[in-house]
Asker: 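The structure is given below, and queries will be raised subsequently.
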Amino acid sequence: MNEAIRDSYNEIPYESHAFPQTHPDHLNVIARLFGMQPAPLRGARVLELGCGSGGNLIPMAATMPDATFVGVDLAPRHIEIARARVTELGLRNVEFRAADLLDVGASLGEADYIIAHGVFSWVPPAVQNALLEICATKLARNGVAFVSYNTYPGWRMRGTIRDFMIYHVRQFADTATRIAQARAMLDFMAQNTPDDKSPFAVLLKSELEAMRRAADAYLFHDFLEPNNDPVYFHEFVERAAAHRLQYLGESELETMLVSNFPPPVAQTLAKIAPDLVRSEQLMDFLRNRQFRQTLLVHADVPLTRAVDAGLLRGFEIASMALPATRPVDLDSTEKTRFGLASGAGMSTTSPIVKAAFVVLGERWPLSIPFAELCSAARSRLATLPTAAPDATQAAQDASVLAAELLRCAAATIVELRPRALPIALDPGPRPAAYAVARQEARTGAQVSNLRHETVVLDEFHRQLVLRLDGTRNRAALVDELAQLVTTNALAIEQEGVEVRDPASVRSVMGNAIDQALVGLARAALFPRA
């Protein structure tokens with residue numbers, strides 16, 4: 001069976017990208033919030049099981065030169081791609097191995113952070129057990145393991161669609177034909193879904209549209225492989241416990257909050273689900289949850305479930321939430337809303353909280369140590385002395401700010417970081433973009449940034465990033481990109497009209513590059529020297 005899985009990934013490699021929720025920075029923060037003392041990031045040992053072609057692990061290694069990384073994947077083709085990328089980038093702190101999880105355990109060293117993203121549900125039960133046993137035997141005493149998997153009840157609808165496709169395509173042997181026929185079946189189902197507003201029709205249409213937009217590799221490996229076994233959350237926790245592992249929490253901290261439900265629902269859950277696992281399982285039923293990204297630790301590690309806002313004093317803080325109206329009246333107690341582009345946001349009447357969010361918005365994507373943020377926020381309040389602030393008031397402001405930032409972190413409006421990232425906001429006279437992003441831009445529009453996120457570039461920005469290697473000044477960049485327009489390799493517009501006149505092209509290109517460099521810096525694509 002594992003040979004068949006290996007061959008399918010060799011035939012159609014799975015696209016591998018950066019996933020910020022798997023990063024050791026993120027795992028470190030959640031472990032600390034729940035009372036653990038995880039390994040420091042400097043010198044950390046990171047193991048990724050099912051690493052694909054290194055799209056997740058390589059950016060980690062590039063921004064954490066003092067840590068070591070090992071990636072394991074069943075498909076030799078994935079490993080060949082990853083090794084070639086590492087060699088080109090000159091990274092010396094990351095190693096990739098082609099191996100079966102059933103056999104590799106004994107050869108692995110201890111790891112402080114273990115990542116298994118997109119593996120558990122797509123392998124046979126024996127390999128699932130091997131994965132959990134590796135977590136149990138190779139995880140350091142205060143280590144954290146990330147395991148993602150498909151869950152019921154949400155996967156029942158997707159499972160029905162998957163069964164429909166598999167039943168149809170099993171008559172075809174050729175992979176390309178199987179994918180084409182699966183897409184044809186999705187189209188057929190979409191065209192014949194009941195045209196009404198019933199819950200079934202709405203859910204089915206939503207699922208079908210998501211699957212129709214999926215890339216071939218995703219459709220093939222996630223839906224047409226022989227293994228795809230969702231579980232209920234409580235079943236996963238029980239299986240982890242059999243390997244001497246306990247539930248730490250979710251990588252998506254906000255999903256753990258009962259308070260995200262309407263008050264009557266939250267109150268009922270508190271009554272009928274007094275323990276954490278039962279509460280999480282009931283929330284899955286209410287949300288029709290399809291997917292989990294669960295963190296596991298050793299069974300004997302003591303945890304604290306009541307998160308203390310005082311812990312924020314040990315973190316860096318970042319947020320891109322912006323005020324709904326400007327300028328912000330920092331000295332008033334009128335309610336002000338700060339929001340993200342996603343629509344998430346918060347409202348506050350507290351002057352110190354308003355001032356802190358103004359500071360965070362100005363400094364994004366940089367983070368700020370909590371104490372420095374408190375000081376910077378207080379300096380913005382005209383009614384407070386800045387030279388020698390009252391100690392009692394300063395302590396009260398810090399307490400108010402910590403509590404609000406913790407609430408916002410749980411709602412993903414604020415980021416807590418264990419360290420400052422090496423991000424530069426000034427590209428300099430000869431801009432040098434993140435080397436990993438430049439490498440990725442050669443083969444596609446999706447690139448990793450220094451925050452371990454995936455940034456999607458249009459063709460203009462992709463061509464620009466390819467040339468940001470530190471050897472070109474602004475004039476050289478204008479020359480090269482203008483030449484691309486001349487040869488029809490790139491199009492540029494002004495007010496919706498394509499520009500072709502050479503003099504106009506250079507003028508428009510110069511302005512576009514200036515704006516693009518600012519945007520790329522805010523997208524965390526320039527490393528600090």
Side-chain angles (χ1 to χ4, degrees), residues 20-21 23 25-38 41 144 247-261 263 266 269-270 276 279-280 283 293 295 297 302-323 335-340 342-361 363-378 380 393-421 451:
Q21 68 273 25
H23 199 286
D25 282 4
H26 185 65
L27 308 187
N28 179 283
V29 167
I30 293 181
R32 288 164 61 182
L33 289 176
F34 288 121
M36 290 181 62
Q37 295 182 336
L41 296 165
V144 181
Y247 178 62
L248 171 64
E250 291 300 305
S251 182
E252 302 156 299
L253 189 63
E254 70 276 13
T255 67
M256 299 182 66
L257 300 181
V258 176
S259 58
N260 285 335
F261 288 96
L269 284 173
L276 180 60
S279 176
E280 288 286 324
M283 285 194 286
Q293 301 178 94
L295 308 185
V297 298
L303 301 175
T304 302
R305 293 300 178 185
V307 179
D308 181 3
L311 291 171
L312 268 69
R313 300 169 191 271
F315 293 122
E316 299 253 339
I317 315 296
S319 178
M320 65 185 302
L322 297 175
K335 184 178 290 186
T336 301
R337 177 176 171 79
F338 293 83
L340 305 176
S342 65
M346 57 80 68
S347 296
T348 181
T349 60
S350 167
I352 191 67
V353 174
K354 286 193 271 188
F357 271 94
V358 169
V359 172
L360 290 170
R363 299 209 190 172
W364 176 264
L366 304 181
S367 59
I368 312 172
F370 179 79
E372 183 180 331
L373 176 61
C374 287
S375 177
R378 284 179 59 83
R380 300 294 180 98
Q393 184 62 49
Q396 181 179 339
D397 286 342
S399 179
V400 168
L401 186 57
E404 186 60 31
L405 290 176
L406 178 60
R407 187 180 71 83
C408 290
T412 70
I413 301 164
V414 159
E415 292 180 6
L416 307 181
R417 305 202 65 91
R419 63 187 179 115
L421 296 176
R451 289 169 34 78

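Bear in mind the structure is a predicted one, so any value in this text is a computation, not a measurement. Only this structure's heavy atoms are used, side chains among them; waters, hydrogens and symmetry mates stay out.
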Asker: State, without any angle test, whether S367 and E316 hold a side-chain donor-acceptor pair at a distance under 3.5 Å.
Answerer: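 Side chains of S367 and E316: pair found under 3.5 Å.
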
Asker: Working to the nearest 0.5 angstrom, can you tell me the gap between I30 CD1 and D25 CG?
Answerer: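 That separation rounds to 11.5 Å.
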
Asker: Within 45° of the axis and under 6.0 Å from the centre of the six-membered ring of F315, does NZ or CZ of R417 qualify?
Answerer: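 The answer is no; the distance or angle limit is not met.
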
Asker: Which pair of heavy atoms, one from P418 and one from L41, lies closest together, and at what distance?
Answerer: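 Closest approach of P418 to L41: CG-CD1, 3.3 Å.
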
Asker: Walk me through whether L405 and F370 qualify under side chain to side chain contact (heavy atoms under 4.5 Å, CB included).
Answerer: CA-CA 10 Å; L405 290 176; F370 179 79; 3.9 Å; yes

Asker: Within a strict 4.5 Å, meaning less than it, do heavy atoms of the V414 and M346 side chains meet?
Answerer: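 Not in contact.
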
Asker: What I'd like to find out is whether the side chain of R378 reaches to under 4.5 Å of the side chain of Q393, using heavy atoms alone.
Answerer: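 Result yes, sub-4.5 Å side-chain heavy-atom pair found.
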
Asker: Between the side chain of S251 and the main-chain N/O of Q21, is any donor-acceptor distance below 3.5 Å?
Answerer: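 At least one qualifying donor-acceptor pair exists.
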
Asker: Between R32 and G314, is there a donor-acceptor pair closer than 3.5 Å when you use the side chain of the first and the backbone of the second?
Answerer: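 Side chain of R32 to backbone of G314, a donor-acceptor pair under 3.5 Å: yes, one is there.
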
Asker: Do P38 and L27 have side chains that approach each other closer than 4.5 Å (heavy atoms only, starting at C-beta)?
Answerer: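 They are not in side-chain contact.
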
Asker: Start with the C-alpha distance between L416 and L311, add both sets of side-chain angles, then the distance that settles side chain to side chain contact (heavy atoms under 4.5 Å, CB included), and finish with yes or no.
Answerer: CA-CA 10 Å; L416 307 181; L311 291 171; over 6 Å; no

Asker: Evaluate the side-chain proximity of L248 to M36: yes if any heavy-atom separation is below 4.5 Å, no if none is.
Answerer: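 M36 reaches L248 side chain to side chain.
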
Asker: Locate the shortest heavy-atom distance separating V144 from A31; write the atom from each residue and the value.
Answerer: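 V144 and A31 have their closest heavy atoms at CG2-CB, 3.8 Å.
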
Asker: Between Y247 and L303, is there a side-chain heavy-atom distance shorter than 4.5 Å?
Answerer: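 Of all side-chain heavy-atom pairs linking Y247 with L303, none is under 4.5 Å.
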
Asker: Using modelled atom types and a 3.5 Å cut-off, is there a donor and acceptor pairing between side-chain atoms of H26 and backbone atoms of P20?
Answerer: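 No, the answer is negative, given that no donor and acceptor are paired below the 3.5 Å cut-off.
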
Asker: Any idea which heavy atoms bring F338 and A321 closest together, and the distance?
Answerer: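 Answer, listing the atom of F338 first, then A321: CB-CB, 4.1 Å.
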
Asker: Quick one: closest heavy-atom pair of L406 and D308, and the distance?
Answerer: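 Nearest pair, atom of L406 first, then D308: CD2-C, 4.4 Å.
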
Asker: Kindly give the heavy-atom pair with the smallest separation between S319 and I413, and that separation in Å.
Answerer: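 Between these two residues, the closest heavy atoms are OG-O, 2.7 Å.
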
Asker: For residues E404 and V400, determine if any side-chain heavy atom of one lies less than 4.5 Å from a side-chain heavy atom of the other.
Answerer: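 Not touching, per the 4.5 Å side-chain cut-off.
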
Asker: Any non-hydrogen side-chain atom of F357 less than 4.5 Å from a side-chain atom of L401?
Answerer: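 Not touching, per the 4.5 Å side-chain cut-off.
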
Asker: What pair of heavy atoms forms the shortest contact from L33 to L253, and how long is it?
Answerer: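 Distance-wise, the nearest heavy atoms are CD1-CD2, 3.9 Å.
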
